[in-house]
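In what follows, a single structure is set out as structure tokens and then discussed.
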Amino acid sequence: MNYLHAIINKKTFAVTCFALITLQLFAQNTKAKHAGQQNKLIQIPMQPAYWDYDTSVTEFVNYKNTQAIRGKDGKGYQVFLKNYMFTNGTIEFDVELSGMGFPGINFRMSGDKKNADNFYIRSFGPVSPATRTTLQYAAVTDGMSLWDLSDEYQAGAVIYQDKWNHIKLVISGRQMKAYVNDMNIPALVIPELESMRDSGSISLSGNVIYANLVIKPDATEGLSSKPGYISAYNDSRYLRKWWVGPAIDFPFGKDLVIQLPSMYGTLNRSSLPDSTLQWTAIKAESRGIINLSRIYGHEKNDARRAAWLKTTVESDKDQDKIFRLGFSDEVWVFVNGQVLYVDKNYFGTPQQKNAGRCTIENAAIKLPLRKGKNEILIGLANYFYGWGIIARLDDTDGIQMEK
């Protein structure tokens, strides 16, 4: 009997060992396969056959002993990588800043090249690492950069003027980390990429020199694919629910106020929306932006357009609140039918605020609220890049806002 038990035990032991070895080999093979995907490296040749480009402004050269792309005679250019769709992973390249402008990379670009995520350098000569505007990110929507709706997505970095700058972008789902020269600490962190695209093509642009483009598919360095933390998410002071009317042509010379007996003039009653206006609900995006570019796209002829926005604030008593407003590009603010504030925020003009960007720092307005419901009505005109507002109260004591 003991002999029989010994034989059975040996067989059981052998089967168990075989199972364990099989599981271990399977796990190792799976891990090796995954590691192989993670370690895959695609070196993109800087040669004409791999790119679509304009031959009149682009040339492929041997520069500093490496294949490179640059503009002819210092001209700006854009090149489009052929036959490759980028989803997630790491993109690395070198760039030498040979000219002024906004050199950078589009990724996850749509087939019509009108929608993408765009990372770029603001290159206008030597800068301090403390200069906040050196590195920038913006979504491209309908062929238009939303840079002026993306104030939070800027950062400083050490930038070289006379040698290669090494760029590494780690992109995972909705997040991105951008490393510039220092590969240990990201210079710019984007918690939520805003093109709303999952994959697409790649392009490089600027009047600069590019070399050593490498793509590592799915190498995301543990970066989550879900949106990261945005401070506005927890802030209940933002006015997030609005109603918007249709976009209308609004040529320069038209206005929403007439005469000037007071600071902002008298309301042009004929310009106010009437009962026939069709209103559509619109909610703020993650950073608090009410983004009209998302729904109305880009006016191809850079024509001035306008739209109405409205929301309701209910107060438990008569009181004043500080109303902080960011806007691009012109606003007319009315409260309960009275003109409250009129201003412009056009980039490159004396009226620009925060370099023409839509930010909560653009304006602080005393908002006179009466007990009960109060209508805030905003006329918003735009012709230059992104179109939208961001609005917040300093405090919400005794206040209810639309949700």
Side-chain angles (χ1 to χ4, degrees), residues 141 144 146 148-149 151 232 235 237-250 254-257 264 267-299 303-315 321-346 353 357-369 373-393 396 399-403:
T141 297
M144 175 179 59
L146 301 187
D148 54 343
L149 302 185
D151 183 68
D235 197 332
R237 298 173 298 165
Y238 284 86
L239 283 75
R240 300 179 185 276
K241 171 70 178 294
W242 293 76
W243 299 84
V244 62
I248 59 172
D249 291 334
F250 197 66
K254 292 192 68 173
D255 210 325
L256 297 177
V257 295
Y264 294 124
L267 183 64
N268 184 350
R269 296 288 173 183
S270 64
S271 298
L272 280 175
D274 59 26
S275 59
T276 65
L277 189 69
Q278 297 296 309
W279 296 96
T280 302
I282 183 172
K283 287 192 174 183
E285 298 183 0
S286 299
R287 294 181 292 112
I289 294 282
I290 302 295
N291 190 345
L292 298 193
S293 300
R294 194 82 72 187
I295 57 175
Y296 292 134
H298 177 42
E299 179 55 52
R304 187 170 177 244
R305 292 183 295 169
W308 287 102
L309 289 158
K310 70 175 183 178
T311 192
T312 301
V313 172
E314 188 167 355
S315 177
K321 293 290 185 184
I322 299 299
F323 177 62
R324 300 194 181 272
L325 180 67
F327 56 95
S328 183
D329 296 310
E330 298 176 71
V331 288
W332 297 260
V333 181
F334 311 105
V335 177
N336 298 322
Q338 300 301 311
V339 181
L340 183 65
Y341 181 79
V342 177
D343 210 346
K344 294 179 174 63
N345 185 23
Y346 282 112
K353 296 153 181 57
R357 289 175 174 266
C358 173
T359 153
I360 203 68
E361 299 171 357
N362 288 162
I365 309 161
K366 187 168 74 172
L367 187 67
L369 299 175
K373 292 186 176 180
N374 298 263
E375 182 185 74
I376 301 174
L377 180 68
I378 294 179
L380 184 67
N382 177 268
Y383 90 102
F384 187 73
Y385 288 92
W387 189 7
I389 65 167
I390 183 169
R392 191 187 74 195
L393 299 176
T396 56
I399 297 295
Q400 289 187 3
M401 296 180 286
E402 289 197 52
K403 296 183 179 179

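- Ionic pairing of Arg305 and Glu299 is present here: one or more N-O contacts between side-chain nitrogen and carboxylate oxygen are shorter than 4.0 angstrom.
- Looking at Ser328 and Asn345, their side chains never bring a donor and an acceptor atom within 3.5 Å of each other.
- The shortest side-chain heavy-atom distance between Val331 and Val342 does not fall under the 4.5 Å cut-off.
- Using modelled atom types, one side-chain atom of Asn362 and one backbone atom of Arg357 make a donor-acceptor pair closer than 3.5 Å.
- Under the salt bridge (charged side-chain N to carboxylate O under 4.0 Å, His left out) criterion, Arg240 pairs with no residue at all, not counting sequence neighbours.
- Contact between Ser286 and Ala232 at its shortest, heavy atoms only, is O-CB, 3.8 Å.
- Contacts of Val313 classified as side chain to side chain contact (heavy atoms under 4.5 Å, CB included), with partners at least two apart in sequence or in another chain: Leu239, Leu369, Ile376, Ile399, Met401.
- No donor-acceptor pair under 3.5 Å is formed between the side chain of Glu314 and the backbone N or O of Lys373.
- Proximity of Phe323 to Leu393: side-chain heavy atoms (C-beta onward) are separated by under 4.5 Å at one or more points.
- Under the 4.5 Å side-chain criterion, counting only non-hydrogen atoms from C-beta, Ser293 is in contact with Leu146.
- Between Phe334 and Trp308, the gap from one ring centroid to the other is short of 6.0 Å.
- For the pairing with Cys358, the side-chain contact (heavy atoms from CB on, under 4.5 Å) check across Asp148, Ile390, Ile290 returns one residue only, Ile390.
- Annotation: the span from Arg237 atom CZ to Ile360 atom CD1 amounts to 8.5 Å, rounded to 0.5 Å.
- Contact of the Ile378 side chain with the Trp242 side chain is registered, since non-hydrogen atoms from C-beta on lie closer than 4.5 Å.
- Among all heavy-atom pairs drawn from Gly288 and Tyr238, the shortest one is CA-CD2, 4.3 Å.
- With sequence neighbours excluded, the residues satisfying side chain to side chain contact (heavy atoms under 4.5 Å, CB included) with Ala364 are Ile322, Arg324.
- Taken from CD1 in Ile282 to CD1 in Ile389, the straight-line distance is 8.5 Å, to the nearest 0.5 Å.
- Applying the ring pair (Phe, Tyr, Trp, His ring centres under 6.0 Å) criterion to Tyr383, with sequence neighbours excluded, gives Phe252, Tyr346.
- Applying the side chain to side chain contact (heavy atoms under 4.5 Å, CB included) test to Lys283 and every residue at least two apart in sequence or in another chain returns Lys241.
- The shortest distance between side-chain heavy atoms of His298 and Tyr385 does not fall below 4.5 Å.
- Residue Ala281 comes nearest to Trp243 through the heavy atom pair N-CE3, 3.4 Å, listed as atom of the first residue, atom of the second, then distance.
- With hydrogens and angles disregarded, a donor-acceptor distance shorter than 3.5 Å links the side chain of Arg287 to the backbone of Leu149.
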Exercise. May I have the step-by-step check of side-chain contact (heavy atoms from CB on, under 4.5 Å) for Asn382 and Leu292, ending in yes or no?
Key: CA-CA 10 Å; Asn382 177 268; Leu292 298 193; over 6 Å; no
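- Separating the CE atom in Met144 from the CZ atom in Phe384 is a distance of 11.0 Å, to the nearest 0.5 Å.
- More than 12 heavy atoms of other residues, nucleotides or ligands sit less than 6.0 Å from atom CG of Asp274.
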Exercise. Quick one: do Lys353 and Phe327 satisfy side-chain contact (heavy atoms from CB on, under 4.5 Å)? Show the steps, please.
Key: CA-CA 9 Å; Lys353 296 153 181 57; Phe327 56 95; 4.1 Å; yes
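- Side-chain contact between Thr312 and Asn374 is absent, with no heavy-atom pair separated by less than 4.5 Å.
- Under the salt bridge (charged side-chain N to carboxylate O under 4.0 Å, His left out) criterion, Lys310 pairs with no residue, sequence neighbours left out.
- The shortest non-hydrogen separation linking Leu277 to Pro246 is CD1-CD, 3.5 Å.
- When each of Asp343, Leu325, Leu309 is tested with Val333 by the rule side-chain contact (heavy atoms from CB on, under 4.5 Å), just one qualifies, namely Leu325.
- Counting heavy atoms from C-beta on, the side chains of Val244 and Tyr296 come closer than 4.5 Å.
- Within the 3.5 Å criterion, the main-chain N or O of Trp387 finds no donor-acceptor partner in the side chain of Asp329.
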